[in-house]
Protein chains: 2
Amino acid sequence: MQNGCMIDPRLTTLRVFARTGTVGATAELTGYSPSAVSAQLRELQRVLGMQLLTKDGRGVRLTATGRFLVTGSDALMTEWERLRAAALQAGDQVQSHFGLGGFSTAAAQLLAPLAAALRTSRPQVEVQVLEANPDRCFDLLVAERIDLAVIVAMQSQTYVEEDPRFEQTTLLNDPLDVILPSDHRLASRATVTLEELATEPWITEAPGSTYHSLFTAAFTAVGVTPRIAHEAVEWETQIAFVGAGMGVGLLPRLAPLGSTENVTRLRISGQGQPSRRIVAAVRKGSISSPLIKESLGILQRRAKRILTERLEDEV
Amino acid sequence: MQNGCMIDPRLTTLRVFARTGTVGATAELTGYSPSAVSAQLRELQRVLGMQLLTKDGRGVRLTATGRFLVTGSDALMTEWERLRAAALQAGDQVQSHFGLGGFSTAAAQLLAPLAAALRTSRPQVEVQVLEANPDRCFDLLVAERIDLAVIVAMQSQTYVEEDPRFEQTTLLNDPLDVILPSDHRLASRATVTLEELATEPWITEAPGSTYHSLFTAAFTAVGVTPRIAHEAVEWETQIAFVGAGMGVGLLPRLAPLGSTENVTRLRISGQGQPSRRIVAAVRKGSISSPLIKESLGILQRRAKRILTERLEDEV
DNA sequence: TCGATCATGCACCCATTCTGCATCATTATC
DNA sequence: GATAATGATGCAGAATGGGTGCATGATCGA
C-alpha cells in the first residue's frame, strides 16, 4: 500500500475484503483500523454510486456488483503493474520500497540472503521481509504489503496457476533427504533408498500437516508403508529426536541441520525421489519489474548453491 | 475529476499536462491552481521513483519516461472505464455526476434538451453542461471534467478514430440548407441546387474558419465558384444579413433561424448535398455505461426530430 | 440470558494538499 | 540591452480528508 499505487487504495481494500470476508481481518491485513476500513468501503460505494455490500448476519457480504467489481479489477491491477514495471525498466529506475514474504525456511534460507544482497546492490531501496505462511503471503500480495512471496507449491488454498491476480516462477525443486543417527548402520552410505528404510521407526509431522502428506506421498510412490514412531511439529524437534536415536526422518534439503550433533543427512536414491517445489509468486504484470527480475535471479542462484553445497558442508 | 475515479488523480493531471504542455494550462483545465499542479507532479515523481519532467527553457517538458507513462496509461484508463461501465450496468446503477460538453449549436440544440430529459428520467444525477470548442472538449474529456462531448467531425486537431483515449459514435449528418430572403425569386421553391444560386452574392464565415472550408467544399463538389459578398462570424449576423437582402447563405439544419423575419430556409437538391457529420465522443471504454448509452439514444432521437421537423416548423 | 464477535457511528486529531502570494528564470519587445 | 511578459515553483496558512480509539448496536453461539 505504501508503494507507488496509482489505483485508489480503497479499491485494494475492497479486494482484500473480498479475500477475507470480514472488515476486521481486512483491517488487520491492510494495517488500517476496522472503522477506517468500514469508512473506506462506505465512501467507495458513494463515489462509485454502486451498492457493493449488504448486511449479512452480524457481518457484511459482497453484492453481485461488488463481486463483479473485484473480479474485473484484476485486469486493472495487472495493467498497472505491467505499466509500472515497463516504465521503471524504460527509465532504469526501481521502486523505493520492496516487500518480501515467505514461510519460515524460505525466509531464513532465501529471503534473508536476498535482502542482504539487495542492501548492497540497491542501497536506496528499503527492503522489508515478512515471515508468513503461504495463504497469508497471498493476502499480503493482494494488500500490496509485499511484492514477492516465496512459497511451497500446492501448499495453499490459492491455485496460483489459474488465479488472474498472480503469476509464479519455479525457484527450485527442493528434494527430501533422509536424516538418521550418525551411528546408524546406513549412515556411512552415500545414498539410500526408501525401501531400505522401510522397517525403520520414522519420525514425522502430525497427520494433517502439509509435510505429513508429502511424507506419505513419498512412500506411496515406492509402495512401502513406513512405521511411524514419533511425531514432531518443528524440524528442530524432529532433528533432535533423530539425534537421540529414536528413529529416522525426512528433511527438505533447504532446511539446515543446524548445530545438531549425531545426525547425518543422506541423499535418497532409487525411484520416486520425493521433493517439494518452491516457487516465487508476484502480482500479475509485475514480473518484468527490474527489482523483481533481479531478485528472482539472486534467489535462484542462492537456491542452487544451497542444494549443491549443503550435503558436502554438513557431512 | 469529481467522478468516481479509481486512478490516482495525479496521473490524470500528468495526462492533461501531456496534452497542454504547460503547468498553467493544466491548472486551468483541471480546476487546480498552478502551484497545486506543480506539487502534484513533483509528488508523483517521488512516489513512483521516476523522473517524469525536465526543465525546458522557462517551462517544463516530459521526459521519455514521462511520455512512456502517459502513453501506457491510456490502456489503464480504458480498462477502468470499461470496468466501471460494466459494473454500473451489472448493478443497474448510474454515476452521480455527469458532465457534457459541446460546441455552441450542439450545446443549445442537443445538450440542453438532453440535460432536461435526464433531469426527469434520472433525478439523482447531477448534470453539468459546458459549452466548448471541439479541441477543448477533448481536453475536458481527458481531464475527466466531462464524460461526453458532441463535436463536428474533422473539426479538431485530435484524430478521434486513431486516438486510443477516445471512441465515438455518429449522431447525425447535419445537412446544410440554403437561407435566402423571403422575397427572393427562389424562396417559394421546395428545393434548390447550388448551381442555381451560383451567381448570387454569398454571405459566409471568414476564410480559415472551419465553416468556410465546409462552404468552399460544397461548391467545389459541384464545380461552381460562388461570389462571396460579405463575411460574418456568428450565424445570427449571417442570418440578419440575409434578412436584409444582402445575399444568400448556407446554414446547418441544426442551427435554428430563431425569430428572424424575412428569411427562408430551403433544402438543397441535386448532386453534392453538403453536410457536416456530428459525432459524440467519450473516453474509451465508457461507451457501454448505462448513462452514456441512454444519452446517446436521446441525442439521436432528438437529432432526428430536429432534422425532419425544422423545415416544416420554420416555413 | 450472557458473552463473544463484527460492523459502525462519533469525537477528535493529524496529515495531506490546496490556495494565494512572492520569487526566480527565461523569453520577447522596444 | 533594459523592461515587460510568461511560466514554474517555493512558502505560509488554511481547510479538507481521512485516520484512530472508544462506545454502541446487532447477531450468533452457549
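Just the heavy atoms: all of them, side chains too, but no hydrogens, waters or symmetry mates, feed the values below. Per chain, numbering begins at 1; letters A, B, ... match sequence-line order. What you see is a predicted model, and the numbers here were worked out from it, not measured in a lab.
Nearest to the side chain of B:Val60, among C:dT8, D:dT9, C:dC6, sits D:dT9. With C:dC18, D:dG18, D:dT20 as the candidates, the nucleotide lying closest to the side chain of B:Ala36 is C:dC18. Closest to the side chain of A:Ser33, from the set D:dT27, D:dT20, C:dC18, is D:dT20.
Between A:Tyr32 and D:dT20 there is no side-chain N or O to OP1 or OP2 distance below 4.0 Å.
Both B:Ser38 and A:Gly31 lie close to DNA chain D; mapped to their nearest nucleotides by heavy-atom distance, the more 5′-ward contact belongs to B:Ser38. The nearest heavy atom of DNA chain D to A:Val37 and to A:Lys55 marks one nucleotide each, and the one closer to the 5' end goes with A:Val37.
Atom CZ of A:Arg58 is separated from atom C1' of C:dT5 by 5 Å (rounded to the nearest Å). One atom, CG of B:Leu44, and another, C1' of C:dT16, lie 16 Å apart when rounded to the nearest Å. One interatomic measurement links the two molecules: CG of A:Leu41 to C1' of D:dG18, which rounds to 14 Å at whole-angstrom precision. In this entry the distance linking CD of B:Gln40 with P of D:dA8 reads 15 Å, nearest Å. One interatomic measurement links the two molecules: CG of B:Leu62 to P of D:dA8, which rounds to 12 Å at whole-angstrom precision. Straight-line distance from the CG atom of B:Asp56 to the P atom of C:dA25: 17 Å, rounded to whole Å. C:dG9 atom C1' lies 15 Å from atom CD of A:Glu43, rounded to whole Å. Between the CD atom of B:Glu28 and the P atom of D:dA8 there is a distance of 13 Å, given to the nearest Å.
A donor-acceptor contact under 3.5 angstrom links the side-chain atoms of B:Ser35 to the base of C:dG20.
Rounding to the nearest 0.5 Å gives a distance of 8.0 Å between OG1 of A:Thr54 and CG of A:Leu62.
Remark: the B:Thr13 side chain and the B:Gln40 side chain contain an N/O donor-acceptor pair separated by less than 3.5 Å.
At a threshold of 4.0 Å, the pair B:Glu28-B:Arg136 counts as salt-bridged, since one of the basic side-chain nitrogens sits closer than that to a carboxylate oxygen.
For B:Ser286 (side chain) and B:Ser289 (main-chain N/O), no donor-acceptor pair under 3.5 Å exists by modelled atom type.
The side-chain hydrogen bond (donor to acceptor under 3.5 Å, both in side chains) test with A:Thr20 singles out one residue from A:Asp139, A:Thr26, A:Thr30, and that residue is A:Thr26.
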